[in-house]
Number of protein chains: 2
Amino acid sequence: MESRIERLCIEKGLKMTGQRRTIARVLSEPGDHPDVEELYRRAAALDARISIATVYRTVRLLEEQGILEKRDFGGGRARYEPTEHGHHHHLIDIDSGRVIEFEEEAHEQLLREIAARLGFELVSARLELFGRRADTQSAISRPAATRADATSVGEPSAAPGQASLRHRGAAR
Amino acid sequence: MESRIERLCIEKGLKMTGQRRTIARVLSEPGDHPDVEELYRRAAALDARISIATVYRTVRLLEEQGILEKRDFGGGRARYEPTEHGHHHHLIDIDSGRVIEFEEEAHEQLLREIAARLGFELVSARLELFGRRADTQSAISRPAATRADATSVGEPSAAPGQASLRHRGAAR
DNA sequence: GTATTTGCAAAACCTTTGCTCGGCT
DNA sequence: AGCCGAGCAAAGGTTTTGCAAATAC
């Protein structure tokens with residue numbers, strides 16, 4: 001069976017080697033933001049004949065093709081997610097590290113206005129919210145104009161603002 | 001004479017060595033987002049007896065004390081700026097790498113609402129706009145509710161969105 | 001006087017790359 | 001058959017760290 005990313009690769013005319021197919025499959029797992037190490041671990045589990053250099057080369061290739069986007073949530077490692085058409089942003093749960101995606105029409109418009117006011121044409125934007133679960137039951141409240149996919153992700157490490165949480169002595 | 005950052009260090013009870021004083025002074029230059037290398041260059045110009053390891057240790061210390069904030073605008077190096085009370089955001093000129101700061105009341109409110117809708121309490125947020133100078137004369141247009149300080153900064157390297165622009169073969 | 005901080009150099013970390021071999025079309 | 005991709009290992013860049021000497025309080 002053929003993964004979504006693999007299909008995109010074929011459309012772009014990329015050669016589909018076994019390794020790329022495996023990596024494409026891993027990347028097609030929905031709602032995820034793995035770093036290269038994590039991708040490598042998952043891919044190697046499916047096919048031990050994959051080196052980390054290939055993972056690096058592949059994500060770079062896919063990024064250049066517009067199939068993937070590179071993210072930096074702090075912590076020293078780049079993380080990747082499939083490009084989607086509606087631009088979305090991220091809310092990081094500062095307690096668990098979970099990443100929640102959302103998009104907001106009203107917001108896009110406001111950003112364009114801010115840029116224009118400063119004399120710029122908006123090319124792209126990146127918005128990250130760092131928040132804490134509203135502690136009561138109220139944590140349901142239907143997303144209205146907002147689409148949200150919860151997305152469990154790596155270690156609980158996200159930093160408020162951009163303060164790094166690199167614990168002394170912890171590996172980077 | 002005593003720089004703003006130095007005063008903060010003393011309040012926090014940090015030992016003020018000559019090197020820290022120099023670095024504090026350099027960091028007190030307003031509206032700037034230098035990376036460690038740049039800090040080192042400027043500090044070394046004032047006092048040649050400073051090593052880059054000390055600069056790293058100092059910015060880390062100041063960050064842990066809440067005096068500095070670490071930023072990542074892409075390009076592989078962390079950049080630092082003094083913590084300020086009014087949260088501001090950044091617009092990066094993708095052609096020149098210049099960073100412009102702004103703040104927006106309406107925007108803060110909207111962010112809180114978005115977080116609330118997802119069931120979170122907003123702790124902090126990071127917003128970065130990547131834009132291109134509106135090419136005509138119109139580039140003046142008074143910032144209305146928006147305060148802006150232009151801030152020339154390092155090399156022209158910032159990336160749109162988070163797509164990396166690491167040119168093949170270019171140093172990281 | 002003692003605990004911290006510094007400088008230096010080496011290590012650690014993530015990422016890229018040169019080269020040779022292997023595999024896809 | 002030819003060419004592009006993969007593996008390995010070494011190099012690249014940024015940041016951290018171990019240790020002895022220097023410095024602040």
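So you know, we letter chains A, B, ... as the sequences are listed, proteins then strands, and number each from 1. Computed from heavy atoms alone, side chains included, the values below leave out hydrogens, waters and symmetry copies.
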[N] phosphate, OP1 or OP2, under 4.0 Å from [X] side-chain N/O:
X     : N      : result
B:R60 : D:dT15 : no
B:Y56 : D:dT15 : yes
A:R20 : D:dG5  : yes

Check your understanding: Does the side chain of B:H33 come under 3.5 Å of the side chain of B:E81 through a donor N or O and an acceptor N or O?
Key -> yes
Rounded distance in Å - [atom1] ([X]) to [atom2] ([N]):
X     : N      : atom1 : atom2 : answer
A:Y40 : C:dT16 : OH    : C1'   : 16 Å
B:E63 : D:dT16 : CD    : P     : 9 Å
B:K70 : D:dT16 : NZ    : C1'   : 11 Å
A:R57 : D:dA9  : CZ    : P     : 14 Å
B:D35 : D:dT14 : CG    : C1'   : 10 Å
B:I52 : D:dT14 : CD1   : P     : 9 Å

Review point. Is the closest basic N to carboxylate O distance between B:E37 and B:R41 below 4.0 Å?
Key: no
Exercise for review: Name the nucleic acid region contacted by B:I50, choosing base, sugar-phosphate or nothing; use a 4.0 angstrom heavy-atom cut-off, strictly under.
Suggested key: sugar-phosphate
Point to revise | For the student: nearest non-hydrogen atoms of B:F130 and A:R126, plus distance | key: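 Heavy atoms only, the tightest pair is CZ-NH1, 3.7 Å.
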Nearest-neighbour nucleotide for the [X] side chain, [options] considered:
X     : options                : answer
A:R77 : D:dG13, C:dC8, C:dC14  : C:dC14
A:E37 : D:dT15, C:dC14, C:dG18 : C:dC14
B:Q19 : C:dT6, D:dT15, C:dA9   : C:dT6

Review point. Does atom CD of B:E29 have more than 12 heavy-atom neighbours, drawn from other residues, nucleotides or ligands, at distances under 6.0 Å?
Key: yes
Practice item. Hey, which sits more toward the 5' end of DNA chain D by its nearest nucleotide, A:L61 or A:A53? Key: A:L61
Practice item. State, with a plain yes or no, whether a side-chain heavy atom of B:R79 is found less than 4.5 Å away from one of B:V99. Key: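 Sidechains of B:V99 and B:R79: in contact.
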Review point. With a 4.5 Å heavy-atom cut-off, do A:L118 and B:L129 have their side chains touching?
Key: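 A:L118 does not reach B:L129 side chain to side chain.
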Output one line per pair: protein atom, nucleotide atom from nucleotides 21-25 of chain D, and distance, for all N/O pairs under 3.5 Å.
unit_1: D:dC25; atom_1: OP1; unit_2: B:M16; atom_2: N; d: 3.2

Run the side-chain donor-acceptor check on residues 8-16 of chain B: report pairs under 3.5 Å with partners two or more places apart or on a different chain.
unit_1: B:K12; atom_1: NZ; unit_2: B:Q65; atom_2: O; d: 3.1

